[in-house]
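Worksheet for the structure shown next.
Residue numbers begin at 1 in each chain, while the letters A, B, ... track the order of the sequences. Not measured: the values here are computed from a predicted model.
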4 protein chains.
Amino acid sequence: MPTKKKPTATSRPERRPELLAIAAEVFAAQGYDATTVRRIADEAGMLAGSLYHHFDSKESMVDEILSTFLAGLRTTYDAVLDAGLGPRETLEALVTESFRHIGRNLAAAAIYRTEAAHLATRPGFQYLAEARPVLERALRRTLERGVADGVFRAGLDTRLTGRFVRDAVWGAAAWGPTGATDAPDELARPYLALLLDGLAPRP
Amino acid sequence: MPTKKKPTATSRPERRPELLAIAAEVFAAQGYDATTVRRIADEAGMLAGSLYHHFDSKESMVDEILSTFLAGLRTTYDAVLDAGLGPRETLEALVTESFRHIGRNLAAAAIYRTEAAHLATRPGFQYLAEARPVLERALRRTLERGVADGVFRAGLDTRLTGRFVRDAVWGAAAWGPTGATDAPDELARPYLALLLDGLAPRP
Amino acid sequence: MPTKKKPTATSRPERRPELLAIAAEVFAAQGYDATTVRRIADEAGMLAGSLYHHFDSKESMVDEILSTFLAGLRTTYDAVLDAGLGPRETLEALVTESFRHIGRNLAAAAIYRTEAAHLATRPGFQYLAEARPVLERALRRTLERGVADGVFRAGLDTRLTGRFVRDAVWGAAAWGPTGATDAPDELARPYLALLLDGLAPRP
Amino acid sequence: MPTKKKPTATSRPERRPELLAIAAEVFAAQGYDATTVRRIADEAGMLAGSLYHHFDSKESMVDEILSTFLAGLRTTYDAVLDAGLGPRETLEALVTESFRHIGRNLAAAAIYRTEAAHLATRPGFQYLAEARPVLERALRRTLERGVADGVFRAGLDTRLTGRFVRDAVWGAAAWGPTGATDAPDELARPYLALLLDGLAPRP
DNA sequence: CATGAATGAGACTTCATTCAT
DNA sequence: AATGAATGAAGTCTCATTCAT
């Protein structure tokens, strides 16, 4: 997937990702609107004005953070969907990879979860609205395939179920560093067990 | 002797809750920080300064919205937990009542879901941090009881499961008016079916 | 239901002077600009808007307070100057009556001392600028008479001395209630002793 | 004593004191509350918001003006009191140095005289209340020493006299630029003559 | 007379952003 | 690349004042 944005402001490649990581951390901690450019600069050990040698604007920072995050996510999902797996294995892979991507980019994921809906209304951020149903749709289709194949329970409301799964997965983005970073697979496994077999003991 | 006010024709039965509802709508739609007091006033058909006749500050508006919402939620949970139900029925009631409360107060719920984490760091909003684990804890304990009673699967990670359920339920607060308002019970039933029995068909 | 004819709630038909006294107290304590109309109303047990049944504006309140105070002062000075006293007795009377007037109208005096210079620049308050040199001028002329008569020391700088005396006298307006109210004559006597005879012991 | 500035080309040797001087002038002329930040900025040739690059708030401007002024005053008094002078010389030095300090910092002195009492009630300005009795106390003690030594008249009410002297001296801060700036010693000498020897001619 | 709601102007302050050095 | 000063637009909030009830 091609990068949509060339760095417009002059930048030395080393510093840029570093600054973005710092910015992501602050955005995640305080919220995008509540974060001041000065606070990011403080955290980076420079003055507010100096940030503009690296980025065009505060908006371009979230933009880059979120579009990078989402591009990676989409790539991951595409790989899963193109792998020719059965419905159950596809579902497991979608869930597992989601937890992994979130765990690897916790700040970006938290920003996405909290701010995307509001940011999506601003010009230049439509891609956020477009990205939102991606996981949901992949899940729904996988569920439909599974129901058709008899791998998943007949009569399943695939639309609602897709949403429930998506929300449960993304919820982990808000658990904070202690919850989701270290071992994303230790979230995926129990979640999948619950999702597939339910709470009630099998007879 | 001060007589009770008895407004005759143009009775204004408390403008306050009306204004709070408007404010909640705008906060939910745009985010707390991105919402200007003027926008709320516009929506209410008055000038920005006039709002301060009814409220101390913008902060006090979210405060009242959220604390009212959470007080109702806690009351509901307490009623469920005190009803003497078995674990499975308690779980069903917690989920069902959560969807109902969210559906009845969609704007407040959306604000809570999106802003609570950031607002909780401000002085005077500690109660948000305290309220956060309430549903999770109620769920976890119910799950523990259920596991002990053999109603729920043995070996369940009750801590993680509590969180997954909470996130799936609260996720609906972000579905927008078309998703969760109309028939909360039509969310609760399929969700509980999924949660209890899982995706996989029973043998 | 109260009686029709008499304004009952308060047996006082004239609320006005009472309200002015309250306003003067608050102006003196907080400063004119820092005083809100609402604060005055609070102190008077009514709502801010209700004050406008008695006064045209906040400005008209200070106006009435200060012009009343100054009219009384001028009357007093005129009486002293018209009494046909000698220079020394005139000086004593001016000082004594000043302390008395200040002591009797402490709040108004404090407002005058603190706010007059700034208020005088506003339209409608020119009389404040005109009133300012009244005591100084009376003092200076009395001093000049006294020097001519040999009652006061030859070579006295009457302009400076007039100012020094005025400032010492008006300074008491800022001493607070414990300093100047109770016994103005117990200020006048020692001050006059000091002024006439000085600190140094007579040989 | 202000050092001559030696600007090279466009040397900006600290804009801060310059801005403080401007602010002091405006505060003195209009009163603290009546002064708008915009007015100060206008006078300084910048926009209101730009002032906040140099100062935290309007309050912090008066704060710095007054605390600097009072620190200098206290230093001066301490030097006088530690000089080992006799009572009469101490008194003369206190009065002379007061007139000088006031004359050198007329705007700050005027602000102090007019606003200190009201400002002192705000948090962070307690030092104003503490600084107020400093001159009075120094004067009273010097007077007491003088009475004990027989340099000053026996039976003197030192408390009242201290206040009278303080008020006469500080009064000059309100005389305006034409009165007290140019030659503070030409105020001190006649005032001391009056204070020591009184109005009445010596026999 | 008093109330309670609302107005409208303006105040202080914040902040993203620019630009000469 | 970075600094420090400044801009300009907004935003929250205050307050004197008005007016129908």
Side-chain angles (χ1 to χ4, degrees), chain A residues 9-12 15 33-41 44-61, chain B residues 2 5-12 15-16 19 33-41 44-61, chain C residues 2 7-10 13 15 33-41 44-61, chain D residues 9-12 14-16 19 33-41 44-61:
Chain A
T10 49
S11 70
R12 221 60 245 160
R15 202 73 206 274
D33 282 300
T35 296
T36 70
V37 165
R38 172 136 136 228
R39 177 66 198 278
I40 298 173
M46 53 172 54
L47 290 180
S50 307
L51 272 180
Y52 288 79
H53 286 283
H54 301 275
F55 304 97
D56 283 344
S57 66
K58 184 184 166 187
E59 256 194 359
S60 76
M61 292 187 227
Chain B
K5 264 169 290 177
K6 195 158 164 251
T8 44
T10 353
S11 149
R12 258 273 160 340
R15 194 79 200 276
R16 200 186 172 81
L19 293 173
D33 282 301
T35 296
T36 71
V37 160
R38 172 136 128 229
R39 178 68 198 279
I40 298 174
M46 53 170 45
L47 291 178
S50 306
L51 275 178
Y52 290 79
H53 201 63
H54 302 274
F55 304 98
D56 282 345
S57 65
K58 184 183 164 187
E59 252 193 4
S60 76
M61 292 188 225
Chain C
T8 40
T10 53
R15 197 78 198 279
D33 281 301
T35 297
T36 70
V37 165
R38 171 135 135 230
R39 178 66 199 278
I40 299 172
M46 53 172 53
L47 290 181
S50 307
L51 273 179
Y52 288 79
H53 286 284
H54 301 273
F55 303 97
D56 283 344
S57 66
K58 184 183 165 186
E59 255 193 3
S60 75
M61 293 188 225
Chain D
T10 2
S11 152
R12 262 266 163 334
E14 290 313 324
R15 192 79 199 277
R16 200 187 173 80
L19 293 173
D33 282 301
T35 296
T36 71
V37 159
R38 172 137 126 225
R39 179 67 198 279
I40 299 173
M46 52 171 44
L47 290 178
S50 306
L51 276 178
Y52 289 79
H53 202 62
H54 302 274
F55 304 98
D56 282 346
S57 64
K58 184 183 166 187
E59 251 194 5
S60 77
M61 293 188 224

Quiz item: Tell me: CG of B:D56 to P of F:dC13, nearest whole Å?
Solution: 9 Å

Exercise. Quick one: label B:T35 by what it contacts on the DNA or RNA (base, sugar-phosphate, nothing), any heavy atom closer than 4.0 Å.
Key: sugar-phosphate

Quiz item: Is the shortest side-chain N/O distance from C:H54 to OP1 or OP2 of E:dA2 below 4.0 Å?
Solution: yes

Quiz item: If only side-chain N and O atoms of D:H53 are considered, is one of them under 4.0 Å from the OP1 or OP2 phosphate oxygen of F:dA5?
Solution: yes

Self-check item: Separation of atom CZ in D:R39 from atom C1' in E:dC12, rounded to whole Å
Solution: 17 Å

Quiz prompt | Phosphate OP1/OP2 of E:dT13: any D:Y52 side-chain N/O under 4.0 Å | solution = yes

Practice problem: Could you please name the option among E:dT7, F:dC15, E:dT3 that lies closest to any side-chain atom of C:T36? | Solution: F:dC15

Practice problem: Give the dot-bracket string for DNA chain F, reading 5' to 3', where a pair is Watson-Crick or G-U wobble with both distances under 3.5 Å, ( ) marks pairs inside the strand, [ ] marks pairs crossing earlier ones, | marks a partner on another strand, and . marks unpaired. | Solution: .||||||||||||||||||||

Exercise. Specify the residue among A:S50 and B:M46 whose closest nucleotide of DNA chain E lies further upstream toward the 5′ end.
Key: B:M46

Quiz item: OP1 or OP2 of F:dA6 sitting under 4.0 Å from any side-chain N/O of D:R15?
Solution: yes

Exercise. Decide yes or no for A:R15 and A:M46: does some side-chain heavy atom of the first lie under 4.5 Å from some side-chain heavy atom of the second?
Key: yes

Quiz item: Want to settle it: does A:A48 or B:L19 sit nearer the 5' end of DNA chain E, counting the closest nucleotide to each?
Solution: B:L19

Quiz prompt | Proximal nucleotide (of E:dC12, E:dG8, E:dA16) relative to the D:V37 side chain | solution = E:dC12

Self-check item: Between P of F:dG4 and CG of A:L51, the distance in whole Å
Solution: 14 Å

